[in-house]
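To start, the structure under review is shown below, and the notes come after it.
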Amino acid sequence: MYINQHLCDVCGTCVSVCPVDAIEVFETQVVIDNDVCISCGKCAQVCPARAIGDAL
Amino acid sequence: MIRKFYDVVVIGAGPAGSVAARYAAMGGASVLMLERDREPGIPVRCAEGVSVNGIEPYIDIDESWVAARINHAKLVGPSGNSAFLRNNGAGLVLERRIFDVRLCELAIAQGVRLLTKANATGLIRKNGVVSGVEFTHDGVETSVACNIVIGADGVESRVGRWAGMDTALALKDLDTCVQYTLDGIDVNPEYCEFQFGNEISPGGYVWIFPKSNHSANVGIGIAGVKAKDKGPKEYLDTFVAKRFPEASATYTVYGGVPTSYMKDEYVQDNVILAGDAARQVNPITGGGIVQGMIGGQLAGETAAEAVKAGKFNRRFLMSYKRKWDKRLGDNQKVMFRLKERFLGMTDGKFENLVNFIKTIPEDKFSMSYLFKEAVKEDPKLMMDVAKSFILSKLKK
Ligand SMILES: Cc1cc2nc3c(=O)[nH]c(=O)nc-3n(C[C@H](O)[C@H](O)[C@H](O)COP(=O)(O)OP(=O)(O)OC[C@H]3O[C@@H](n4cnc5c(N)ncnc54)[C@H](O)[C@@H]3O)c2cc1C
């Protein structure tokens with residue numbers, strides 16, 4: 001999954017539903033580790049800013 | 001100078017973290033608190049509603065962080081039909097950007113050391129035992145040793161995951177939220193408004209929490225399971241366009257609310273969670289400020305006892321979970337079950353709930369009256385929900 005950094009509000013909601021701990025809030029940016037991500041799409045569904053998608 | 005060792009490291013300086021840190025220090029522990037942001041309390045991802053009863057044990061009420069005093073809750077059903085719930089004890093709408101800093105100052109006054117722009121990045125293990133925290137401070141990688149880590153790192157908590165806990169939320173147990181602080185509007189600063197209905201806010205509600213007679217936090221939380229095709233912002237924009245077409249937004253914020261409950265698993269050797277990180281939130285209302293402070297107190301006290309006893313294993317720390325269950329946890333599990341039913345509630349049932357509350361004369365409004373009447377008519381579901389709303393008002 002990919003984050004549109006322009007839309008992301010760094011609220012961390014996505015992190016709370018990630019089943020494989022692939023998402024990290026690093027200082028002022030949310031980062032998805034696509035080596036760990038299983039593309040389940042949960043993060044995208046709960047993102048209140050609609051900043052996450054399965055392509056860049 | 002930051003010392004190389006503290007008895008307790010608290011990660012996150014929200015209400016849960018700052019109260020945990022304060023109580024741990026009051027119990028004699030040396031405490032370091034790490035906060036990722038440049039200032040605690042900012043950005044405010046919160047509607048800022050609390051009860052006076054709930055916060056009074058932790059802080060003296062001060063006008064500098066009180067935006068409005070609330071006497072009623074107005075519940076509005078899907079058709080616009082509404083009922084008032086009189087609060088047992090007044091409510092407040094806070095200025096959390098000030099409130100959260102005050103809570104930190106109270107911790108610091110007890111000897112807690114706070115670092116801002118300090119982002120925890122992992123736990124350190126020695127022979128398999130958690131013995132410290134890795135973090136960046138002002139962008140520089142560093143670390144600190146400790147015996148206990150309290151993860152008070154909010155809904156996005158990763159401390160639990162580092163410690164091997166499964167804290168991932170199911171989509172039904174996470175509300176996705178958007179909120180505007182609207183100005184230039186006409187609101188009654190004496191009541192908070194809650195709007196229900198599957199069209200307006202599926203699996204959640206829209207709130208209007210006044211900050212003055214011309215401004216309010218207007219937001220929405222919808223259940224993650226119901227957010228597939230339409231996100232919370234689309235629902236909120238529809239609502240605001242209708243209700244406050246001329247409003248200006250002075251602030252926009254996104255966020256998530258865990259609507260789960262605290263599990264045994266959130267206590268491990270050397271590591272405990274508190275606040276949103278431990279899902280210590282009222283699963284029906286989404287209120288977590290007071291819940292987090294209570295969880296923080298119990299976590300901090302337990303950490304201090306552990307330091308005194310020199311015992312940091314799960315067996316010892318589980319007393320925290322037992323105390324939590326007694327204080328709020330058992331109640332939280334009831335609310336959680338109610339929430340599951342709430343998720344499936346039809347608009348007709350919401351209307352019934354509003355109508356039922358309306359039948360109660362104001363001077364008779366009490367829990368026992370509500371109970372008696374409910375038993376008479378046996379609207380079990382309505383009762384459960386009504387009860388949980390009032391209980392949450394009392395406990396918040
Ligand atoms: C839109 C919305 C409206 C709400 N309205 C209300 C309401 O009206 N009333 C109510 O009672 N509750 C409300 N809540 C819930 C309430 O905001 C939370 O329950 C409360 O803030 C939880 O406190 P906390 O201390 O656990 O976490 P937080 O307040 O989230 O604090 C966690 C802190 O940890 C820090 N942190 C996270 N990770 C790290 C790390 N790795 N290193 C260092 N620091 C870290 C964060 O920066 C943050 O400051 C609302 C929530 C939302 C999203």
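Letters A, B, ... are given to chains in the order of the sequence lines, protein chains preceding strands, and every chain is numbered from 1. Everything numeric in this text was worked out from a predicted model, so none of it was measured.
- Contact of the Tyr254(B) side chain with the Val10(A) side chain is not registered, since no non-hydrogen atoms from C-beta on lie closer than 4.5 Å.
- Counting only distance, with no hydrogens or angles, the side chain of Glu156(B) and the backbone of Cys14(A) share no donor-acceptor pair below 3.5 Å.
- Expressed to the nearest 0.5 Å, how far CZ of Phe26(A) lies from OG1 of Thr136(B) amounts to 4.5 Å.
- In terms of heavy-atom pairs under 4.5 Å with chain B, the best-connected choice from Cys11(A), Ala44(A), Gly41(A) is Cys11(A).
- Residues Cys177(B) and Pro48(A) fail the side-chain proximity criterion, which asks for heavy atoms closer than 4.5 Å.
- Looking at Arg38(B), neither its backbone nor its side chain comes within 4.5 Å of chain A, counting heavy atoms on both sides.
- Of the listed residues Ala170(B), Gly224(B), Ala227(B), the one with more heavy-atom pairs under 4.5 angstrom with chain A than any other is Ala227(B).
- Of the listed residues (Gly255(B), Pro43(B), Gly256(B)), the one with the most heavy-atom contacts under 4.5 Å to chain A is Gly255(B).
- Between chain B and the options Thr13(A), Ile23(A), Val20(A), Thr28(A), heavy-atom pairs under 4.5 Å are most frequent for Thr13(A).
- Interface summary for chain A: among Asp166(B), Leu174(B), Val178(B), Thr252(B), the most heavy-atom pairs under 4.5 angstrom belong to Leu174(B).
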Report task. Take Asp9(A) and Arg45(B), measure what side chain to side chain contact (heavy atoms under 4.5 Å, CB included) needs, and give me the verdict at the end. Result -> CA-CA 11 Å; Asp9(A) 196 45; Arg45(B) 301 190 192 279; 2.7 Å; yes
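- With a 4.5 Å cut-off on non-hydrogen atoms, Val257(B) does not touch chain A at all.
- Minimum heavy-atom separation, Pro19(A) to Ala168(B): CA-CB, 4.1 Å.
- Side-chain contact between Cys18(A) and Arg158(B): absent, with no pair of heavy atoms (C-beta onward) separated by less than 4.5 Å.
- Residue with the most contacts toward chain A among Lys233(B), Arg161(B), Lys228(B): Arg161(B) (heavy-atom pairs, distance under 4.5 Å).
- Residue Val46(A) comes nearest to Thr176(B) through the heavy atom pair O-OG1, 2.7 Å, listed as atom of the first residue, atom of the second, then distance.
- In this structure, the separation between CG on Asp229(B) and CD on Gln45(A) is 8.5 Å, given to the nearest 0.5 Å.
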